[in-house]
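What's counted below: heavy atoms across the whole structure, side chains too, no hydrogens, waters or symmetry copies.
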Amino acid sequence: MFEPKISAADATATPDWQRYLVAQDWHRFTPADHRTWDRLTERQVRLLEGRIVSPFLTGWKRLGLYEPGIPELDRLSDRMEAATGWRCVSVAGIVPDAEFFAMLADRRFPVGNFIRDGRHLDYLEEPDCFHDIFGHAPLIAYQPMARLMEAMGNLGVAACAAGHGDIISRLYWYTVEFGLVRERGQTRILGAGLASSFGEARRSLEDDVPRPLFTVEEAAATPYENDHFQPMYFVSSALDDVAAQLESLDTAALMRLAAYRPIRKPAAAAPSDSMSDSAT
């Protein structure tokens with residue numbers, strides 16, 4: 001689900017997401033693959049302390065992601081299902097948007113069955129299992145986020161069928177993938193694209209980039225690009241607040257968002273962290 005432009009889906013057909021499933025075939029991962037996972041995990045956990053929303057690290061521990069090596073999806077899924085009713089499913093690569101949202105509606109999260117080259121830890125042509133598991137799974141184990149993801153799945157299926165997949169894709173992008181959020185007076189990382197990226201996690205909090213306040217209208221109307229660091233990051237007032245906002249959207253709201261005039265640059269800036277609050 002990384003396409004900035006989405007074609008309308010067949011409104012008469014139910015997206016068949018199961019045809020994109022493949023076996024994880026965990027035993028084919030090499031010792032080098034597992035070492036790559038461990039290096040990425042150690043680096044990100046050390047970086048994210050004090051920079052990411054607290055339910056993320058709680059979920060990371062609850063799912064046993066501190067254990068060495070690439071997780072076996074069945075074992076991980078059993079833990080996720082016990083927490084929020086979700087399971088991970090293995091896919092070969094990017095899933096088309098209508099099918100991706102149908103997966104979310106059925107409380108299934110797709111995980112690429114490959115990991116990046118350990119010689120290039122920060123280079124990705126498409127999301128790998130580290131992004132999909134480390135970046136997303138901890139917050140899917142948090143009930144408000146799990147409900148949000150399911151709600152976005154249902155709305156995303158309807159949006160794609162109505163030719164408004166771009167709108168739901170932008171909302172997902174600026175929250176679930178690259179969102180920031182206020183927590184205990186600080187700006188923290190929310191999105192999986194930031195949580196799983198060493199360079200962009202730091203950039204999103206430390207560089208001189210726009211951080212406008214999140215509103216559904218402005219996020220839905222702001223196009224994004226997926227082949228470089230983001231030029232801006234929306235900041236939500238609180239994790240549970242943004243989850244409730246997105247969970248409450250319906251098809252009528254989607255139609256109103258479709259009529260909203262796109263903005264060309266960020267609106268009001270979010271509150272800046274004091275020097276004592278800033279991540280280092």
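- Not a single salt bridge (charged side-chain N to carboxylate O under 4.0 Å, His left out) links Asp33 to another residue, sequence neighbours left out.
- When only modelled atom types and interatomic distance are considered, Arg188 and Gln186 share a side-chain donor-acceptor pair under 3.5 Å.
- Qualifying side-chain contact (heavy atoms from CB on, under 4.5 Å) partners for Ala105, counting only residues two or more places apart in sequence or in other chains: Asn154.
- The side-chain heavy atoms of Leu254 and Leu249, taken from C-beta on, include no pair separated by under 4.5 Å.
- Using a 4.5 Å cut-off on side-chain heavy atoms (C-beta onward), Ser197 and Arg203 make no contact.
- The salt bridge (charged side-chain N to carboxylate O under 4.0 Å, His left out) pairs that include a residue from residues 229-238 number zero, where partners must be two or more places apart or lie in different chains.
- Residues satisfying the side-chain contact (heavy atoms from CB on, under 4.5 Å) test with Thr58, not counting sequence neighbours, are none.
- Sorted by first and then second residue, the side-chain hydrogen bond (donor to acceptor under 3.5 Å, both in side chains) pairs with a member in residues 249-259 form an empty list; sequence neighbours excluded.
- For the pair Arg19 and Glu99, the salt-bridge criterion is met [side-chain N within less than 4.0 Å of a carboxylate O].
- Residue Glu72 qualifies as enclosed at atom CD: its count of foreign heavy atoms under 6.0 Å is above 12.
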Yes or no on side-chain contact (heavy atoms from CB on, under 4.5 Å) for His34 and Ile70, after CA distance, side-chain angles and deciding distance? CA-CA 6 Å; His34 291 296; Ile70 298 169; 3.7 Å; yes
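- Partners of Tyr233 under the ring pair (Phe, Tyr, Trp, His ring centres under 6.0 Å) rule, at least two apart in sequence or in another chain, do not exist in this structure.
- A donor-acceptor distance shorter than 3.5 angstrom exists from the side chain of Asp128 to the backbone of Arg116, with no hydrogens or angles considered.
- Every ring pair (Phe, Tyr, Trp, His ring centres under 6.0 Å) that Trp37 has, sequence neighbours left out, goes to Phe130.
- For Gln245, the side-chain contact (heavy atoms from CB on, under 4.5 Å) partners at least two apart in sequence or on another chain are Phe214, Val216.
- Judged as a salt bridge (charged side-chain N to carboxylate O under 4.0 Å, His left out), the pairs with a partner in residues 60-70 (not counting sequence neighbours) are, in order, Glu67-Arg75, Glu67-Arg79.
- Judged by distance alone, the side chain of Gln44 and the main-chain N or O of Arg39 form no donor-acceptor pair under 3.5 Å.
- With a 6.0 Å radius and a threshold of 12 heavy atoms from other residues, nucleotides or ligands, Asp78 has its CG atom above the threshold.
- For residues 138-148, every residue pair satisfying the salt bridge (charged side-chain N to carboxylate O under 4.0 Å, His left out) rule, not counting sequence neighbours, is listed here: Arg147-Glu247.
- With sequence neighbours left out, the side-chain hydrogen bond (donor to acceptor under 3.5 Å, both in side chains) criterion links Asp207 to no other residue.
- In this structure, the side chain of Arg170 engages the main chain of Ala220 through a donor-acceptor pair within 3.5 Å.
- Atom CZ of Phe229 is separated from atom CG of Leu194 by 9.5 Å, given to the nearest 0.5 angstrom.
- With a 4.5 Å cut-off on side-chain heavy atoms, Tyr172 and Met149 count as touching.
- Under the 3.5 Å distance criterion, the side-chain polar atoms of Thr36 are matched with a main-chain donor or acceptor of Ala32.
- Residues passing the side-chain contact (heavy atoms from CB on, under 4.5 Å) test with Thr215 are Glu217, Glu218, sequence neighbours excluded.
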